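None of these values were measured; they are calculated from a predicted model. Naming convention: chains lettered A, B, ... in sequence-line order (proteins, then strands); numbering from 1 in each chain.
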Amino acid sequence: MKFRTRFADDKAGRALDVTAGAPSFEATLEGVPLSGDALAVRDGVWSLVGPDGRQIEVSVAFKNDGSVRAYAAGCLFGFELLDELTARALAATGGRSTRRVAHAAAAMPGRVLRVLVAPGEKVTQGQPILVLEAMKMENEVKSPRDGVVASVEAAAGQAVSAGDVLVRFEAGGE
Amino acid sequence: MKFRTRFADDKAGRALDVTAGAPSFEATLEGVPLSGDALAVRDGVWSLVGPDGRQIEVSVAFKNDGSVRAYAAGCLFGFELLDELTARALAATGGRSTRRVAHAAAAMPGRVLRVLVAPGEKVTQGQPILVLEAMKMENEVKSPRDGVVASVEAAAGQAVSAGDVLVRFEAGGE
Amino acid sequence: MTRLLIANRGEIAIRVIRACRDLGISPVAVYSEADRAALHVRLADWAVPIGPAPARESYLVVEKLLDAAKKTGATMLHPGYGFLSENAAFARRVVEAGLTWVGPSPDSIAAMGSKTESRRRVLEAGVPIVPGMTTPARSADEIAEFGRENGFPLLLKAAAGGGGKGMRVVRSAEEVPAAFTRARSEARSYFADDAVYAELFVEHPRHVEVQVLGDTTGRIIAVGERECSLQRRHQKVLEECPSAAVGPELRARMEAVAVAAAKSVDYVSAGTVEFLLAKDGRFFFLEMNTRIQVEHPVTEMVYGVDLVTEMIRIARGEPMSLNEKPAPRGHAIQCRIYAEDPARGFAPSPGRILRLRRPQGPGIRVDSGVEGGDVVPLDYDPMIAKFVAWGRDRDEALRRMRRALSESRVDGIETSIPFFLSLLEDPDVVANRISTQFLDGWSYVPKRPPEDVAAASMVAAALESMDGAKKRRPPAAGSSGSGPGAWRTARTSFGLRE
Amino acid sequence: MTRLLIANRGEIAIRVIRACRDLGISPVAVYSEADRAALHVRLADWAVPIGPAPARESYLVVEKLLDAAKKTGATMLHPGYGFLSENAAFARRVVEAGLTWVGPSPDSIAAMGSKTESRRRVLEAGVPIVPGMTTPARSADEIAEFGRENGFPLLLKAAAGGGGKGMRVVRSAEEVPAAFTRARSEARSYFADDAVYAELFVEHPRHVEVQVLGDTTGRIIAVGERECSLQRRHQKVLEECPSAAVGPELRARMEAVAVAAAKSVDYVSAGTVEFLLAKDGRFFFLEMNTRIQVEHPVTEMVYGVDLVTEMIRIARGEPMSLNEKPAPRGHAIQCRIYAEDPARGFAPSPGRILRLRRPQGPGIRVDSGVEGGDVVPLDYDPMIAKFVAWGRDRDEALRRMRRALSESRVDGIETSIPFFLSLLEDPDVVANRISTQFLDGWSYVPKRPPEDVAAASMVAAALESMDGAKKRRPPAAGSSGSGPGAWRTARTSFGLRE
């Protein structure tokens with residue numbers, strides 16, 4: 001099965017082709033052949049042993065935004081993993097990054113402490129628009145773009161989940 | 001739902017009638033009303049809080065022989081838990097204990113080290129008939145009854161699982 | 001069997017439960033609706049629900065706590081840290097209800113709990129302090145005026161507070177009005193008291209504190225100091241015992257001053273006298289925490305004492321069990337493990353812990369409030385565990401702490417473990433060149449994985465996503481597992497050059 | 001980065017992995033087919049399969065271990081305990097292959113590894129021994145003859161053995177032939193060597209052993225003693241440091257004799273000299289274990305040393321890092337947690353561990369070979385973890401150990417935890433009235449649960465079995481949980497009278 005993988009700071013990405021799965025995997029990463037023994041220890045936890053004996057225990061989790069969260073050898077990092085068809089489709093449309101964000105969403109669950117903007121208000125990128133409280137910390141939510149507030153979808157005291165829309169922007173605007 | 005529960009050393013057993021389940025359970029045990037808050041913490045792990053605040057975390061597991069293994073407050077113990085219909089049917093036939101065992105089975109997984117009896121041989125209850133090895137310990141399997149060996153179902157060197165038949169006895173015999 | 005109610009949650013509730021077990025006391029837990037399944041509830045003999053998730057509707061409601069004690073027949077109450085632990089009115093209510101309060105007298109708490117009152121008391125006892133307001137600020141103007149007199153930067157603090165909550169640095173008079181409003185708002189929500197005051201902010205000091213213990217015979221001893229300079233957002237994140245900046249002579253002086261401060265309020269129970277230690281070796285009284293501290297385990301490991309059982313013994317009227325002043329051995333370091341994402345600005349990361357591998361082995365102590373499968377609620381402090389490493393010297397303690405952090409694994413939520421792994425590699429931390437401002441100028445940079453780790457992780461993610469991958473699991477029975485597949489002949493990891 | 005291969009599995013492999021991490025060494029694991037998913041593999045940087053589950057086809061195969069070292073570039077090898085750890089031929093092969101052997105010299109192992117040879121050596125050094133055969137028995141008759149000369153009971157032991165494996169008591173001449181056959185068979189299967197010998201069996205002795213440490217500068221020190229009298233089937237189950245039966249004067253004599261014994265073979269590395277301590281205070285050399293012991297953590301906690309890192313340092317040719325003889329502090333107790341069912345005659349209980357709650361908190365150290373979700377294979381020793389409790393005195397250590405055991409929870413397999421909970425309530429154990437025969441006359445009686453615990457368990461089982469019960473789980477998101485249901489008004493637990 002063919003994939004494309006990409007670190008956030010890695011524009012091009014790499015082709016990953018898995019030709020044999022667990023327990024004896026075979027794959028190529030940008031043409032470099034990879035192989036070894038792969039064991040799914042638990043859901044999302046793998047132990048890989050290379051032909052030279054290198055052992056790496058990896059935790060992987062698929063996040064809502066399609067990225068992979070990985071923890072291995074004391075390193076916490078993220079990357080994109082797309083099957084090749086999806087990757088091509090995204091590339092054809094210029095990828096997700098070309099779309100202008102239409103709203104500000106909560107990055108974490110929490111309670112809304114204060115709303116700092118109102119519909120019709122002009123905001124600039126990075127301007128605090130709302131204060132969320134979670135785990136006894138106040139966290140400012142900043143505007144992801146320059147624009148004009150179309151609506152505020154959260155009120156002070158309200159509990160929100162990660163991903164909930166907090167503020168919508170007017171289309172186009174700047 | 002109606003159950004009968006019984007400790008091994010408790011001939012009569014007790015009637016358990018659960019009229020409301022989690023989270024606010026209500027039940028009677030031999031007529032004594034029981035109630036409280038029940039939370040399934042994990043599969044097989046419950047936290048019960050009584051009306052007076054008594055908190056007990058219980059692990060329960062259903063074993064192959066129909067008994068329940070329970071661990072709570074530092075006590076490891078077993079009991080029978082049968083729904084009422086099954087309990088009545090067993091009582092009508094005199095229960096399982098009246099049947100003469102037809103074989104000796106492995107109580108644990110292991111490897112057969114030595115077989116000490118042969119078909120046609122007379123054995124007495126408690127006589128060692130086989131030696132199993134597990135976790136570097138030799139464990140003698142003893143005959144569960146007086147009788148005559150009909151067949152030996154395991155050979156030295158063979159791996160067996162818990163419950164596997166090791167030796168069959170001739171019907172009737174004594 | 002005596003019953004003791006713990007008016008707290010999380011790891012400190014469990015710490016007190018363990019002390020109860022060690023003393024043959026039956027522990028009583030309380031829980032909010034967010035904590036019904038919490039570990040501190042499941043480890044207790046008794047548990048009483050005290051209301052909705054927000055602390056002000058549960059853990060901070062005096063009546064509910066007293067009712068819970070009455071309902072379960074508890075005759076003692078331990079407040080832990082945070083919540084109502086330094087609330088003199090609560091302590092008084094507990095005593096009036098006929099319960100044994102496991103802590104200092106309400107008068108001691110009141111005297112030390114008000115930062116303004118405490119300054120007056122310790123000054124009389126000859127304890128040096130940093131210049132600061134002696135009454136709560138009535139207005140932003142009053143604070144600005146104090147700043148003009150004593151110089152900026154200033155620190156705004158909640159008069160009823162502690163533990164860094166509600167503290168703000170103000171670097172100029174212009175910042176005063178906004179900071180005053182914020183500080184008051186936070187003080188109100190954390191401590192139900194919006195009084196705040198200002199003091200001079202000494203640059204690049206260390207935070208060094210002395211553990212004291214007093215009993216009802218009037219004896220007060222000091223049990224060494226702790227180095228707590230590594231703080232983020234005014235919250236301690238890593239603590240050590242002893243402080244590598246404190247020699248025997250300085251230790252003796254700090255201990256003597258700490259005992260004098262404790263004596264100024266006739267202190268009984270475990271308490272902590274916090275000092276700012278300036279670069280020139282002068283030190284100033286900051287405040288006295290009239291409760292057990294989050295970082296008490298480092299003292300316990302080095303001095304071989306159990307501060308929480310001592311608190312309970314002392315509360316029962318017994319003399320402390322330490323006949324002679326305990327002697328230190330070796331060095332201990334604690335890392336506070338938070339449910340937060342270091343890669344996203346330490347954003348809170350509540351949720352279900354899918355898997356939790358806690359460190360163990362030689363020199364390691366863990367005090368954790370959760371286990372694998374538990375949910376970390378968003379309603380409370382994000383600290384989920386404390387890792388403590390002991391070594392014969394600071395170097396061994398550091399090496400063991402690095403090992404403990406590397407060995408750990410948390411899936412399902414993010415934690416500060418990767419942050420600590422980076423921090424403990426910093427040459428300034430290793431060489432003990434730190435101050436309370438050290439972390440202000442330090443940013444966590446996620447470690448880029450080596451190529452073999454990256455490749456292995458990408459392959460694992462691909463395998464995990466492929467159909468059927470989930471079917472292959474280790475054998476369920478206790479029998480020989482399936483062997484590795486045909487072995488490849490390549491001589492490098494996964495085919496990569498090293 | 002130096003790589004060190006660990007020729008072992010389970011908790012001791014992990015113990016050595018931790019020592020490697022602390023020293024900046026990269027650990028290499030080996031695994032049989034039964035251990036592909038084992039924790040010691042997943043904590044290592046390198047891992048090499050060495051064959052089928054039976055140890056004689058994997059962990060005991062010298063060639064496979066040497067090949068694994070070559071394949072991974074390991075330059076050091078630590079044998080752990082058991083398996084090939086006291087096999088002089090293996091040590092010699094390791095050295096000949098150009099690897100650094102982390103242990104005493106092959107000659108020391110050979111001298112002490114043969115019980116008959118070791119007696120000759122230590123006798124020359126003036127060490128007292130129990131009467132015993134000085135050459136392996138060639139026949140059952142030879143053993144019976146020895147018994148007639150020296151009196152029964154006798155103890156049959158594997159000449160190449162250790163750790164209680166393959167030992168048998170013979171109480172009369174009639175029992176000799178069958179016991180000889182059995183002992184030889186077991187000796188062959190555990191140690192690939194069927195030589196056995198007999199010695200006098202001293203009644204009701206204590207087993208007390210002294211930890212020694214020698215380095216290549218010729219320095220040999222003793223690091224206190226351990227009390228290991230509580231044994232079941234000749235296998236230690238609970239160990240303490242110090243022995244409550246040993247005072248300062250006796251300790252000094254035992255340490256001096258232990259150092260003399262070690263010097264008789266020019267001992268280098270960590271080792272243990274085992275003694276029988278008779279009721280009258282006389283003690284006899286039993287054997288010297290030329291490897292790290294299962295119970296080494298109690299010494300580490302009391303003396304504040306790290307024996308495994310010392311072994312590695314010494315193997316590298318460095319002097320031991322203990323400049324002065326370390327001083328003891330407090331008391332430590334270790335319980336060996338086995339996967340066995342105490343309620344069914346300690347039958348092995350291999351299988352998958354569904355949930356594992358390990359103890360933690362003040363004074364507790366855990367060295368575990370497994371974590372929750374892991375499978376305990378039937379192919380090896382059933383020890384899955386060691387719980388160690390430290391206290392300022394024996395009483396505090398005992399109380400903390402009881403707390404640790406109560407707090408633990410293992411579902412999926414049975415363990416010896418309930419056994420230890422009962423054992424530590426025995427007045428003779430509490431008062432230290434024990435001998436190596438103590439457990440022969442002690443049987444585990446499962447504790448009948450109190451009525452409220454029984455009722456709660458029956459209700460929980462009924463709820464678990466009812467349809468839909470499994471659907472109710474704690475909330476997955478980090479949000480407020482659902483509250484408790486309507487509260488009942490009854491004043492007793494679950495409606496029961498207490």
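- Note that OG of Ser465(C) and CG of Asp83(A) are 8.0 Å apart. Values are rounded to the nearest 0.5 Å.
- Between Ser422(C) atom OG and Leu76(A) atom CG the span is 10.0 Å, to the nearest 0.5 Å.
- The most heavy-atom pairs under 4.5 Å with chain A, out of Ser349(C), Pro449(C), Pro446(C), come from Pro449(C).
- Residue Phe25(A) holds its CZ atom at 7.0 Å from CG of Leu463(C), rounded to the nearest 0.5 Å.
- Your options are Ser47(A), Ala61(A), Ala134(A), Ala70(A), and the one with the most heavy-atom pairs under 4.5 Å with chain C is Ala134(A).
- Minimum heavy-atom separation, Arg111(A) to Leu378(C): NH2-CD1, 4.3 Å.
- Inter-residue side-chain proximity for Phe7(A) and Met458(C) is flagged as met; some heavy-atom pair is nearer than 4.5 Å.
- Residues satisfying the side-chain contact (heavy atoms from CB on, under 4.5 Å) criterion with Glu175(C), sequence neighbours excluded, are Val170(C), Arg171(C), Ser172(C).
- Looking only at side-chain heavy atoms (C-beta outward), Arg54(A) and Val453(C) come within less than 4.5 Å of each other.
- The number of heavy atoms from other shown groups lying within 6.0 Å of CZ (Arg56(C)) does not exceed 12.
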Can you give me every donor-acceptor pair (side chain of residues 151-161 of chain A, partner residue at least two apart or in another chain, under 3.5 Å) with its distance?
| from | atom 1 | to | atom 2 | distance (Å) |
| --- | --- | --- | --- | --- |
| Ser151(A) | OG | Glu153(A) | OE2 | 2.7 |
| Glu153(A) | OE2 | Arg168(A) | NE | 3.2 |
| Gln158(A) | OE1 | Ala155(A) | N | 2.9 |

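- Of the two parts of Leu48(A), the backbone and the side chain both hold a non-hydrogen atom closer than 4.5 Å to a non-hydrogen atom of chain C.
- Counting all heavy atoms, side chain and backbone alike, Leu16(A) lies closest to Ala462(C) at CD2-CB, 3.8 Å.
- Proximity of Val18(A) to Val459(C): side-chain heavy atoms (C-beta onward) are nowhere separated by under 4.5 Å.
- No side-chain heavy atom of Arg357(C) sits less than 4.5 Å from a side-chain heavy atom of Val45(A).
- Contact of Leu354(C) with chain A is not made at all, since no heavy-atom distance falls under 4.5 Å.
- Here the CD atom belonging to Glu451(C) is positioned 6.5 Å from the CG atom belonging to Leu29(A), to the nearest 0.5 angstrom.
- Electrostatic pairing of Glu57(A) and Arg355(C) does not count as a salt bridge here, judged by no charged N lying under 4.0 Å from a carboxylate O.
- Scanning both residues, Phe62(A) and Ala461(C), for their nearest heavy atoms gives CZ-O, 3.4 Å.
- There is a side-chain donor-acceptor pair under 3.5 Å between Ser59(A) and Arg409(C).
- In this structure, the portion of Phe77(A) lying under 4.5 Å from any heavy atom of chain C is its side chain and not its backbone.
- For a residue to count as touching a neighbouring chain, one of its non-hydrogen atoms must lie under 4.5 Å from one of that chain's; by this rule Val60(A) touches chain C with the side chain only.
- At a 4.5 Å heavy-atom cutoff, Phe346(C) makes no contact with chain A through either its backbone or its side chain.
- Contacts of Ala72(A) with chain C are made by both backbone and side-chain atoms, with heavy-atom separations under 4.5 Å.
- Neither the backbone nor the side chain of Lys2(A) comes within contact range of chain C; no heavy atoms are under 4.5 Å apart.
- Of the inter-residue distances, the one linking Glu133(A) atom CD with Asp379(C) atom CG reads 9.0 Å to the nearest 0.5 angstrom.
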